[in-house]
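I have placed the structure first, in the form of structure tokens, so that the comments after it can refer back to it.
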Amino acid sequence: MTEARQGSTAYGVDSEVGPLRTVMLHRPGNELRRLTPRNNDKLLFDGIPWVGRAQDEHDAFAQALRDRNVEVLYLGELLTESLANPEARAQAVAGATEDLRLGDTLRDYLRASLGDLDAAGLAEGLMAGVRNDEVHAGGLVTSLLAHEDFLIDPLPNLLFTRDSSVWIRDSVAVTSLAMPARARETQLTELIYTFHPRFAGADKVYDHQLEHVEGGDVLALGPGVLAVGVGERTTPAGVERLARRVFTKGLAHTVLAVPIAQQRATMHLDTVCTMVDTDAVLMYPNMAEEMRALAVTTDGDQLHVAEPEPFLVAAAKALGIDTLRRIDTGLDPVTAEREQWDDGNNTLALAPRVCIAYERTVETNARLEESGIEVIRISGSELGSGRGGPRCMSCPVLRAPAAP
């Protein structure tokens, strides 16, 4: 794997389990305080979290990473630093005010008022949103909207940094999020990777204006092998576009397209399958037997799509190993369903055979430890209200190669 450097920085990821060196998180903030019973469904949360407790849980998560010598970057800080660039500010304001609901009068007002904010204030407005009763724009649109209506929606799902970008070797894929509530997240991620000095010169293999691909659906099974879930969030056209781009850049030799049966808590591939060792995956057993993969390869001119095979078989073939060990969540279908709902499958590997998991997934954690996997437990009673675990909440920026 190539490590691209800017000063003392580096980035690059070629597996799910290589020793984690640098990760991007987002500490929950005022955007979570904007959730109400009226808007939480629209903003994709199952409940309204206790924000102070969610912050404490997130701080403990970040400390668990630092305790294992992982550098923690915060999306909010990177965004603020990026907005010191006038071009980044102009791009950010334009993106936040392009909504057709605003109308010309309100749009002009918001562009002027946001443009007057310092970098920290602008970053806060972009993340936490702007309510109608927080401005004095005048005009027809604001007069007809309720005081509590948002003119710029908050982005509570910024917590899940895995979805808006994913590193594929030394290139970053800024993803294209499918749900309207999350579309603006990738505009902010794009700003960071374009304007922050840390990522100067970073190669981009995807961008947010392309077909829908979400980072939670992209698993780097090993060097040169990607598995990409296809379902509610990532489209077949998105997988095809990503495959063409990673093949052109020589970032992968095989992309496994994995259809996901859509259930309430299975919106991404990483909600049913994550890697915990170079040859071991944690899987949701109620779906594991049905999971198939279509291996996509290229000869340089066109894509070749193989017939569907069982996921574990196709993955082992692509990795050039005999088999992948499967560790199941739960000992019976009901327990497995409960543990999967609580993000039992959504582990973050810190190294081969070491992962972070929510403490509440008791049965899954026991199965992992029985299989020789060290489990670092964190609390997630409030963090989990958006249906995401440690992998969802983290975007690895740098991993060392995993030892064979």
Side-chain angles (χ1 to χ4, degrees), residues 6-13 20-35 49 51-85 88-89 92 96 117-129 154-167 172 174-175 177 182 184-200 202 215-216 348 350 356 376 378-380 382-386 388-399:
Q6 171 69 18
S8 61
T9 66
Y11 36 80
V13 174
L20 186 59
R21 301 291 186 237
T22 303
V23 68
M24 185 192 301
L25 308 181
H26 177 64
R27 186 177 190 265
N30 287 328
E31 67 281 350
L32 282 193
R33 294 189 173 93
R34 306 290 207 157
L35 288 168
V51 178
R53 178 62 57 83
Q55 290 174 327
D56 290 343
E57 291 174 351
H58 196 272
D59 290 343
F61 174 40
Q63 190 57 50
L65 291 166
R66 294 189 187 99
D67 289 345
R68 296 299 178 111
N69 299 312
V70 179
E71 178 189 21
V72 174
L73 308 177
Y74 285 109
L75 184 147
E77 294 177 1
L78 295 172
L79 178 61
T80 299
E81 291 160 359
S82 299
L83 291 172
N85 184 302
R89 292 174 61 84
L117 297 173
D118 62 15
L122 178 55
E124 178 67 12
L126 295 171
M127 294 186 293
L155 299 175
N157 293 283
L158 282 173
L159 174 64
F160 305 120
T161 55
R162 174 73 63 159
D163 292 332
S164 61
S165 68
V166 56
W167 284 86
V172 64
V174 176
T175 60
L177 301 181
R182 304 196 66 182
R184 256 195 332 108
E185 291 178 44
T186 48
Q187 293 180 16
L188 304 187
T189 309
E190 183 93 49
L191 288 173
I192 291 169
Y193 289 124
T194 302
F195 295 104
H196 197 281
R198 171 115 191 181
F199 301 107
L348 172 66
L350 302 190
I356 293 183
I376 301 167
I378 63 169
S379 176
E382 298 301 313
L383 290 176
S385 60
R391 187 182 193 274
C392 287
M393 294 188 298
S394 57
C395 174
V397 173
L398 175 65
R399 284 187 184 272

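Of all heavy-atom pairs spanning Ser165 and Thr175, the tightest one is N-OG1, 4.0 Å. Closest heavy-atom contact between Leu159 and Pro28: CD1-CD, 4.1 Å. The minimum heavy-atom distance linking Leu191 with Ala88 is given by the pair CD2-O, 3.7 Å. Summarising the geometry of Ala123 relative to Leu79, their closest heavy-atom pair is CB-CD2, 4.0 Å, with the distance given to 0.1 Å. Of all the heavy atoms in Phe61 and Ser394, the pair that sits closest is CZ-CB, 4.3 Å. When all heavy atoms of Pro154 and Arg34 are compared, the pair lying nearest together is CG-CB, 3.6 Å.
For the pair Ser82/Tyr193, no side-chain contact is recorded, criterion being any heavy-atom separation below 4.5 Å from C-beta on. The shortest side-chain heavy-atom distance between Thr194 and Val174 does not fall under the 4.5 Å cut-off. Using a 4.5 Å heavy-atom threshold, the side chains of Leu348 and Arg162 count as touching. Side chains of Leu188 and Glu185 form no contact here, defined as non-hydrogen atoms less than 4.5 Å apart. Between Leu78 and Leu73 the shortest side-chain heavy-atom distance falls below 4.5 Å. Residues Thr189 and Val172 fail the side-chain proximity criterion, which asks for heavy atoms closer than 4.5 Å. Contact annotation: the side chain of Arg68 approaches that of Ile376 to within less than 4.5 Å [non-hydrogen atoms, C-beta and beyond]. Here the side chains of Met393 and Ile356 are not in contact, with every heavy-atom distance at 4.5 Å or above.
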Glu71 and Arg198: CA distance, side-chain angles, deciding distance, salt bridge (Lys or Arg N to Asp or Glu O under 4.0 Å) verdict: CA-CA 13 Å; Glu71 178 189 21; Arg198 171 115 191 181; 2.9 Å; yes
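Tested against Ser379, the residues Glu57, His58, Arg53 include a single side-chain hydrogen bond (donor to acceptor under 3.5 Å, both in side chains) partner, Glu57.
To the nearest 0.5 angstrom, Thr161 atom OG1 is 7.0 Å from Leu75 atom CG. To the nearest 0.5 Å, atom CD of residue Glu124 and atom CG of residue Asp118 are 11.0 Å apart. Note that NE2 of His26 and CZ of Phe160 are 11.0 Å apart. Values are rounded to the nearest 0.5 Å. Within the model, atoms NE2 of His196 and CD of Glu77 stand 9.0 Å from one another, a figure rounded to the nearest 0.5 Å. Atom-to-atom distance recorded for Asn157:CG and Glu31:CD is 9.5 Å, nearest 0.5 angstrom. Taking CG from Asn30 and CG from Leu155, the interatomic distance works out to 12.5 Å, rounded to the nearest 0.5 Å.
Between Tyr11 and Phe199, the ring planes lie tilted relative to each other; the angle falls in the 30° to 60° range.
Gln55 and Asp59 are not linked by any side-chain donor-acceptor pair at a separation below 3.5 angstrom, with hydrogens and angles left out of the test.
Put simply, the side chain of Arg182 never gets that close to the backbone of Ser164: no donor and acceptor are under 3.5 Å apart.
Under the salt bridge (charged side-chain N to carboxylate O under 4.0 Å, His left out) criterion, Arg391 pairs with Glu16, Asp270, not counting sequence neighbours.
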